[in-house]
Amino acid sequence: MAGKFLRTFGIALSASLAPALAIAADTGQPRSGEISLQKSVTPIMDSIHAFHDGILLWTAILISALVLILLGIIVVRFNARANPVPSRFTHNTLLEVIWTALPILILVIIFIPSMAVLTDQLTMPDGVRKYLGSNIFSFGTVEVPAPALTIKATGSQWYWTYTYVDPGDNKSLDSNILSEKDRLAQTPVQPRLLAVDNMLIVPVGATVRVEVTATDVIHAFAVPAFGVIIDAVPGRLNETWFNARKTGIYYGQCRELCGKDHAFMPIAVRVVEQPVFDAWLAAFKAGSAADANKTLPPLTTDDVTLNSDA
């Protein structure tokens with residue numbers, strides 16, 4: 001109940017503070033002027049929203065208000081005009097205990113749900129364990145199926161290679177940023193610095209295991225709408241997951257400084273219906289990524305900008 005209360009009021013306050021939040025919440029990509037998180041389409045991002053819009057936002061507001069009130073009291077009551085003869089005391093045991101114990105208590109309250117959210121992010125679903133979802137003050141309420149697909153994402157300077165892991169029949173494709181000319185030639189036009197030639201195609205409602213590594217320097221695989229971010233380290237295989245509940249295109253970028261073209265290493269994930277994915281994967285295994293992409297429905301404005309009913 002406490003988690004739902006904090007989340008509800010946090011979202012209400014955020015919406016009242018900035019109209020731009022409505023824009024930020026409706027898309028799977030960054031928008032000019034936004035100050036909120038991208039709208040969630042996964043259980044993990046649900047948890048992050050609840051944590052950010054609830055306990056973190058209200059803690060920050062209350063601390064800021066307390067400090068402002070204390071500053072006001074000090075300015076009004078403890079100035080040279082009001083107190084021409086200053087007090088001589090140097091200690092107050094009760095006050096010192098309070099200002100030491102209160103921050104510790106606040107950090108403990110923040111620590112418990114934050115570790116729960118982080119544990120969910122790094123624990124692969126097995127079909128049995130339940131996940132927090134939007135109720136971060138619980139022991140898990142959301143059922144998530146075991147992974148139906150494994151993708152290996154390999155970062156290189158400055159592009160991604162996605163391998164569809166299938167024992168005995170792995171198949172890979174490279175994903176590079178589109179040139180401005182190619183991007184503007186598309187219909188609809190995809191976002192600048194986020195459009196790629198080959199998207200990562202996954203089915204809606206399926207749990208996707210993502211194994212992340214790199215070939216040269218450290219990169220980071222991050223898709224904000226999924227609540228996914230994990231380092232890609234040469235010689236090491238890190239692991240995360242997501243389960244997207246809505247079709248569309250969700251954009252991300254490398255989140256680790258990796259050289260001169262770090263800003264030109266986008267991630268685009270297209271979530272499609274299961275039959276569409278099955279046809280795409282069959283064509284991909286039989287031919288190339290270009291052949292497989294021809295089986296996909298044409299992009300629409302809704303695919304690129306997403307709807308607000310996720």
Side-chain angles (χ1 to χ4, degrees), residues 1-27 29-40 44-122 132-138 220 222 224-225 227-229 231 252-253 255-257 263 308:
M1 291 296 294
K4 291 182 179 178
F5 173 82
L6 290 172
R7 180 171 180 267
T8 300
F9 278 87
I11 293 173
L13 180 63
S14 299
S16 66
L17 289 176
L21 296 184
I23 298 176
D26 289 349
T27 64
Q29 57 184 282
R31 289 290 188 178
S32 178
E34 70 180 12
I35 60 173
S36 180
L37 303 175
Q38 290 183 22
K39 188 161 186 176
S40 170
I44 293 299
M45 195 58 180
D46 290 343
S47 301
I48 295 174
H49 267 280
F51 186 53
H52 175 272
D53 295 341
I55 185 172
L56 285 184
L57 180 61
W58 280 100
T59 299
I61 290 173
L62 292 175
I63 290 175
S64 299
L66 176 61
V67 172
L68 182 61
I69 291 170
L70 291 176
L71 284 173
I73 292 173
I74 292 170
V75 169
V76 173
R77 295 188 57 186
F78 300 100
N79 57 70
R81 181 180 303 172
N83 293 276
V85 180
S87 300
R88 298 291 183 176
F89 70 88
T90 58
H91 295 281
N92 185 307
T93 302
L94 177 60
L95 183 60
E96 291 174 4
V97 169
I98 292 175
W99 76 39
T100 301
L102 187 58
I104 293 174
L105 179 61
I106 292 173
L107 290 176
V108 170
I109 294 173
I110 293 175
F111 171 80
I112 294 173
S114 69
M115 289 305 297
V117 172
L118 182 60
T119 300
D120 273 7
Q121 292 176 343
L122 299 178
L132 298 175
S134 59
N135 189 359
I136 60 175
F137 292 97
S138 70
V228 169
I229 178 170
D231 281 348
Q253 288 177 305
R255 289 290 186 88
E256 191 74 41
L257 290 174
S308 59

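The analysis underlying the following values was restricted to heavy atoms, covering all of them including side chains, and did not include hydrogens, waters or symmetry mates.
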Might you work through the side chain to side chain contact (heavy atoms under 4.5 Å, CB included) test for Asp53 and Trp58, ending with a clear yes or no?
-> CA-CA 8 Å; Asp53 295 341; Trp58 280 100; over 6 Å; no

List the steps, then state whether side chain to side chain contact (heavy atoms under 4.5 Å, CB included) holds for Val75 with Asn79.
-> CA-CA 6 Å; Val75 169; Asn79 57 70; 5.7 Å; no

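Rounding to the nearest 0.5 Å gives a distance of 4.0 Å between CZ of Phe137 and CD1 of Ile55. Note that the CD1 atom of Ile136 and the CD1 atom of Ile48 stand 11.0 Å from one another [nearest 0.5 Å]. In this structure, CG on Asn135 lies 9.0 Å from OG on Ser47, to the nearest 0.5 angstrom. With rounding to the nearest 0.5 angstrom, the OG atom of Ser114 is 12.0 Å from the CD1 atom of Ile109. Between the CZ atom of Phe111 and the CD1 atom of Ile104 there is a distance of 14.0 Å, given to the nearest 0.5 Å. With values rounded to the nearest 0.5 angstrom, Thr119 atom OG1 is found 8.5 Å from Leu132 atom CG.
Minimum interatomic distance between Gln38 and His49 (heavy atoms only, all atoms of both residues): O-NE2, 2.7 Å. When every heavy atom of Ser40 is checked against every heavy atom of Met45, the shortest pair comes out as OG-CB, 3.1 Å. Closest heavy-atom contact between Arg77 and Ala82: O-CB, 3.7 Å. Residues Ser134 and Ala50 approach most closely at O-CB, 3.2 Å, considering heavy atoms. The shortest heavy-atom contact between Ile98 and Pro103 is O-CD, 4.0 Å. Closest heavy-atom contact between Gly252 and Pro224: CA-CD, 4.0 Å.
In this structure, the side chain of Asp120 does not engage the main chain of Ile44 through any donor-acceptor pair within 3.5 Å.
When the side chain to side chain contact (heavy atoms under 4.5 Å, CB included) test is applied to Ile106, the partners found at least two apart in sequence or on another chain are Thr59, Ile63, Leu102, Ile110.
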